Amino acid sequence: MTDHRGWLELAASRPTFEMVPTESADLEVHLASCDACTREAAALRTDLAQVARLEVPAASMRLRARVREAASVGDTSGSARNVVTIAAVGLLAAALLGATLGVGSYLSQHNDPITPLDPNAGVMPDLKSKRIVWATEVVQLGADKVTIDTGGTTLNAETAAMKVSSDPGSLTSWTLEVIWFEAGLEQRLNLYFKADNASWWVDEVSVYDGVAPNPDWATFPPGPHFRERLGQAFTGDIDLAGLGRAGPVRLRIDGAILAVAPHPSFVQPPGGAAPLASDPFAPGGQLHCSGILQRRPMDAERALQGFGIRLSWRLQWKTGPNTGYSDIRLTAPEGFINGTALGSDGELIVFVADPARPFGGGPAPFPSDCPPPWPG
């Protein structure tokens, strides 16, 4: 079973990853019968076609690496992919190659500007009385009991060892992701959060459907769920009915206390800064010949703050022969700079590789079209 999100994931991936014939045929059948997905897929094609037109052979591995990075949350074992992120990563990869690309129809629909939230507004309550506490830097969930009824099996999520993590995202979008092993299978529960100027809510809920040997995501009605005012925690029981490949799936969280503290994905320089319109290190950009990217990250950070640029950092490391991971940082990490990109909020994203596990290419070279930064 593939839901609408799954079809859009296939549509977003198609410009970069080859699909097996049955996937491609099934996608076309679905698009022919679903007007909403057809509109979304057409908008995706408008944006990603710009990337496909780039005649730069070296783009392939970097683009694939960026898409894999976006399509994984912590690892490559099956976390739900974010369609907007996959599309955005394609555009960001192109920006790394010096292309000037405008945000197209799909991305502009999903990035309405809002007033930034106060990162200290989230109320993180005392959860000592709760049997279950799942906490990350941006989400805390306390509960008396968590059960998932799936395929005739009742899972008690609190009884097994877990991995609890979040994609910190930004002030308007973040996640809570839980992994554990029960009934001989990997189990997952993901909550996808959204926020606006007045409130926060859970936009999407996903759990594994318990179908052996390869569980897949069960579908639940789309949000908003559990909407609360900014700075307020949700309290109460959570009871949601969904559908997996083997039939109904039910998620119950008794005595829930759900609190959030979203973080910005970038740091403003002293005095603030307007969003960038383009990557200043692209050919013709203000800083293209500055040599800043050849400095240590901490030195580059000071220089970029002096130019009044909002900054976001990504520390990258290799996890396999052709795979890697990227972690959002708000301050410059140790390592070497290997590229930049323009973020969706007009921030400059600076990629830094871990020298012990380098991923994403070597140090950014000084541009060959610039005069040497030293005399003679």
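On a predicted model such as this, the values are computed, not experimentally measured, just so you know.
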Does the pair Arg252/Asp237 count as a salt bridge with the N-to-O cut at 4.0 Å? no
Tightest non-hydrogen contact, residues Pro333 and Pro297, listed as O-CB, 3.2 Å
Within-4.5 Å side-chain heavy-atom neighbours: Glu347 and Leu311: no
Side chain proximity check, Trp180 to Leu189, heavy atoms < 4.5 angstrom: yes
Within one Ile-Leu-Val-Met-Phe-Trp-Tyr cluster: Phe266 and Leu315, side-chain cutoff 4.5 Å: no
Side chain to side chain, Ile179 and Glu186, heavy atoms closer than 4.5 Å: yes
CD1 (Ile309) and CD (Glu301) are apart, to the nearest 0.5 Å, by 12.0 Å
Verify, without hydrogens or angle tests, whether Asp209 (side chain) and Asp216 (backbone) share a donor-acceptor contact under 3.5 angstrom. yes
Does any part of the side chain of Pro264, heavy atoms only, come nearer than 4.5 Å to the side chain of Leu171, both counted from C-beta? yes
Does any N or O in the side chain of Glu182 come within less than 3.5 Å of the main-chain N or O of Asn156, such that one atom is a donor and the other an acceptor? yes
Where Trp134 and Val178 come nearest, the two heavy atoms and their spacing: CE3-CG2, 3.6 Å
Got a second to check how far Phe366's CZ is from Cys289's SG, nearest 0.5 Å? 5.5 Å
Applying side chain to side chain contact (heavy atoms under 4.5 Å, CB included) to Asp254 and Thr147, what does each step give before you reach the verdict? CA-CA 9 Å; Asp254 298 334; Thr147 57; 5.7 Å; no
Linking I/L/V/M/F/W/Y whenever any side-chain heavy atoms sit under 4.5 Å apart, do Val267 and Leu304 land together? no
For residues Val207 and Val249, determine if any side-chain heavy atom of one lies less than 4.5 Å from a side-chain heavy atom of the other. yes
Are Ile238 and Val164 connected into the same hydrophobic cluster when the rule is that any two of I, L, V, M, F, W, Y join if their side-chain heavy atoms are below 4.5 Å apart? yes
Val139 and Ile328: same hydrophobic cluster, using ILVMFWY side-chain contacts below 4.5 Å? no
Side-chain donor-acceptor pair present, Thr331, Arg329, cut-off under 3.5 Å: no
Note: Ala135 and Gln140 closest approach over all heavy atoms is CB-CG, 3.8 Å
Hey, quick one: are Val260 and Phe234 part of the same hydrophobic cluster, counting side-chain heavy atoms closer than 4.5 Å, chains of contacts allowed? yes
Non-hydrogen side-chain atoms of Ile292 and Phe307 separated by less than 4.5 Å: yes
Without swapping roles, check the side chain of Gln268 against the backbone of Arg310 for a donor-acceptor pair under 3.5 Å. no
Using 0.5 Å steps for rounding, measure from the CG atom of Asn190 to the OG atom of Ser165. 8.0 Å
Donor-acceptor contact below 3.5 Å, side chain Asn338 vs main chain Phe359: yes
CA sep, side-chain torsions, deciding dist, call: Phe226, Trp201, ring pair (Phe, Tyr, Trp, His ring centres under 6.0 Å): CA-CA 6 Å; Phe226 331 129; Trp201 63 93; over 10 Å; no
Spatial distance of atom OG1 (Thr172) from atom CG (Asp203) [nearest 0.5 Å]: 11.0 Å
Could you tell me the separation between the CZ atom of Arg357 and the CD atom of Gln316, rounded to the nearest 0.5 Å? 12.0 Å
Using 30° and 60° as the class limits, which term best fits the ring planes of Trp174 and Phe193: parallel, tilted or perpendicular? parallel
Between Leu141 and Ile253, is the side chain to side chain contact (heavy atoms under 4.5 Å, CB included) condition met? List the steps. CA-CA 10 Å; Leu141 173 59; Ile253 305 178; 4.3 Å; yes
Distance-minimising heavy-atom pair for Ala341 and Phe351: CB-CE1, 3.8 Å
Min side-chain heavy-atom separation Val350-Phe281 under 4.5 Å: no
Between Pro358 and Ala353, what is the shortest heavy-atom contact and its length? CA-CB, 4.4 Å
So how far is it from Ile349 CD1 to Asp279 CG, rounded to the nearest 0.5 Å? 9.5 Å
Determine whether His225 and Glu204 satisfy the following criterion, side chain to side chain contact (heavy atoms under 4.5 Å, CB included), listing intermediate values before the conclusion. CA-CA 8 Å; His225 302 293; Glu204 182 178 344; over 6 Å; no
Pairwise side-chain contact, Arg227 with Asp196, heavy-atom cut-off 4.5 Å (strictly under): yes
For the backbone of Pro168 and the side chain of Ser166, can you confirm whether one donor and one acceptor N or O come within less than 3.5 Å of each other? no
For Pro275 and Asp345 the tightest heavy-atom approach is CB-O, 3.8 Å
Could you go step by step and tell me if Ile148 and Tyr208 meet the side chain to side chain contact (heavy atoms under 4.5 Å, CB included) rule? CA-CA 9 Å; Ile148 300 173; Tyr208 267 4; over 6 Å; no
Taking the side chain from Lys130 and the backbone from Gly255, do they hold a donor-acceptor pair closer than 3.5 Å? yes
